[in-house]
Amino acid sequence: MLFGDLVKALAAIEATTQRTVMVKLLVSLFKKARPEEIDKIIYFILGDLRPPWEGVELGVAEKLCLRAVSKATGVSIAELESLYKKSGDVGEVARRVLSLSRRPGLLAFGQQRPLEVSEVYDTLLKVAQASGEGAQDLKVSLLSSLFARASPEEGKYIARFVVGKLRLGVADMTLIDALSEAFGVDKEALERAYHIYPDLGRLARHVAEGRRLEEVKITPGVPVLPMLAQRLSSASEILSKLGGVAICEYKYDGERAQIHIREGSVKIFSRRLEDITHAYPDVAKAVREAVSVREAILEGEIVAVDPDTGDMLPFQELMHRKRKHEVAAAAEMYPAVLHLFDVLYIDGEDLTGEPLIYRRVRLSEIVKETDKVFIAKWRLFDGADEVDNFFHEAVSLGMEGLVCKSPTSVYEMGARGWNWIKYKRDYRSEMIDTVDLVVVGAFYGRGKRAGLYGAFLAAAYDPSTDMFYTVCKVGSGFTDADLKKMYEMLQPYKTPHRHPRVVSKMEADVWFVPQVVIEVIGAEITLSPLHTCCLGAVKPGVGLAIRFPRFTGRYRLDKSPEQATTAAEMLELYKRQKKVAQLE
Ligand code: ATP
């Protein structure tokens, strides 16, 4: 097909305001295309050269594009830049100068061989592949060879495409409608194939060549469209939607990862199907060590953890991984771990049609948990109170809530159905003050903290019972010197078992006589079945806990344990804390 014909169709698509007309225009375009060029046409329309996970980028900014136009037309860069300043659209600049001027000595447009779609596509692919020294010059000369032969209208679309501003507004679903009509294939079958293999260029070619859609299979190396969750805000509603029984999983607050293992190599894809392996080399390596099969497709959440305590950190900490040159340092400073919650494929076997409960069993068979790769924590519940308790536990430990899933559901690629329901809080609150807590137990440290305590079990005091009730396990905020000091300070108070005045559901590695008081701040005070402070005061079976607790650096040696923050004060703080934001 001549590139000019594609451009005419694009102009018509851009001009229409009706989706039905858009589909019609696409149908007639697809019918005219040869099978070996239809994928290129689709990619061009989508504004990309390849599907997102291949990460093919043109690497052409406005300036470079203008250099190419200048080289093709002889119009000075300064002139082009001033035109660009006025219109703000490189496409318009290219169109104008191509219609006005031609570099002297070049054949006038019309005397040259017109551009073919495949030629334009292949040249653009070369532009994307140019790398290393001299890449910029090579990109300019490849692009100028296109502009030199392009009509003004063609030049406009090439320029817009290369700077990533084609923006035709043609969505994948519109293309699927048009392809199904153009090639007489069942739309649902096409959609199903697209969920398994979300590369519309490749699928278009498949149907254009008259091949059957049933041949499209889940393939390691090609990410599937992820299954998504609906949302409800009460455990009873969730249970009734799921038929009375639910697999409830912690909802980790990190980045979703679809992990493909193929011949010993691991690739990690984002929720938007981009290859993000480069951001998580440590996770990829850990997966190789933890998973014992040749080929697999797994799903999980990558979560940032505190390198010293292993505590989970909020999602924002993963942002350090997004800056390419900083990945190695970020992996050191902000290690990440993986919590796996699904498996879709193992060694040639497509598991997406199997019930979730079976997939979870298969997942635990192939994963040997390490200190970096875990199986997402889950339970099977049929009572709303149990779900709620698990929810509070999850939130107090830094999770966003739960994802509740139907145990019998298949993996519905690309669907946001009622088989997965997220259970998050309606609002988040903010702890308004620091508290002074008594250290009643400790946990041995790992890594840098080996030989010392890595985290402490901290409690509030209740004068009415003269007992200490736990509110958090705190490991953050301690410097190396603090850890040494804490260790030494606590030695005289070691007891062989939990002190009789301490009420705890957690088992510490070491117990102390309540004596040392430290100041702690957290993100918020939440309900938690893991802690005993104000147990049952707000809800049966749950106490109060501090989420993301941190030592402020202040030792309250001036305070006796009986002068620490009281349980009643904790309850008051819980009730008075600020609602900071309505969670979406
Ligand atoms: P959505 O993904 O539903 O469009 P969103 O991007 O706002 O919404 P969330 O509201 O955070 O995401 O909820 C879904 C996300 O939760 C998943 O995409 C996944 O990244 C994350 N998640 C964490 N733990 C789990 C789990 N156990 N099962 C499924 N998803 C989980």
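Remember, it's 1-based here, ligands and their atoms both numbered in the order they're listed.
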Go through the steps to decide whether H260 and F269 satisfy the test ring-ring contact (aromatic ring centres under 6.0 Å, His included), and finish with yes or no. CA-CA 8 Å; H260 289 232; F269 300 106; 4.9 Å; yes
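- Taking a cutoff of 4.0 Å between a charged side-chain nitrogen and a carboxylate oxygen, D350 and K217 do not qualify as a salt bridge.
- Residue-ligand proximity, F341 to ligand 1, at heavy-atom distances under 4.0 Å covers atoms 25 (C), 26 (C), 27 (N), 28 (N), 29 (C), 30 (N), 31 (C).
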Derivation and outcome, ring-ring contact (aromatic ring centres under 6.0 Å, His included), residues F315 and Y252: CA-CA 9 Å; F315 154 77; Y252 297 88; over 10 Å; no
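- Residue contacts with ligand 1 include W420, since one or more of its heavy atoms lies under 4.0 Å from the ligand.
- For ligand 1, the atoms closer than 4.0 angstrom to any heavy atom of E249 are 26 (C), 27 (N), 28 (N).
- Considering backbone and side-chain atoms together, R271 places an N or O closer than 3.5 Å to an N or O of ligand 1.
- The side chain of E400, and not its backbone, has at least one atom closer than 4.0 Å to an atom of ligand 1 (non-hydrogen atoms only; side chain from C-beta on).
- The closest approach between any non-hydrogen atom of H339 and ligand 1 is not below 4.0 Å.
- At least one heavy atom of R416 sits under 4.0 Å from some atom of ligand 1.
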CA sep, side-chain torsions, deciding dist, call: E299, R256, salt bridge (charged side-chain N to carboxylate O under 4.0 Å, His left out): CA-CA 8 Å; E299 270 211 310; R256 185 162 185 169; 2.8 Å; yes
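- With respect to the salt-bridge test (charged N to carboxylate O, under 4.0 angstrom), the residues D177 and R19 qualify.
- Using a 4.0 Å cut-off between charged side-chain N and carboxylate O, E301 and K251 make no salt bridge.
- Near K422, the atoms of ligand 1 lying under 4.0 angstrom from a non-hydrogen atom of the residue are 1 (P), 3 (O), 8 (O), 9 (P), 10 (O), 13 (O).
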Between F390 and Y250, is the ring-ring contact (aromatic ring centres under 6.0 Å, His included) condition met? List the steps. CA-CA 8 Å; F390 198 51; Y250 275 7; 5.2 Å; yes
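- The heavy atom nearest to atom 14 (C) of ligand 1, considering only K251, R256, E301, E299, is found in K251.
- Heavy atoms of K424 approach ligand 1 to within less than 4.0 angstrom.
- Looking at Y411 and E354, their side chains never bring a donor and an acceptor atom within 3.5 Å of each other.
- At least one heavy atom of K405 sits closer than 4.0 Å to an atom of ligand 1.
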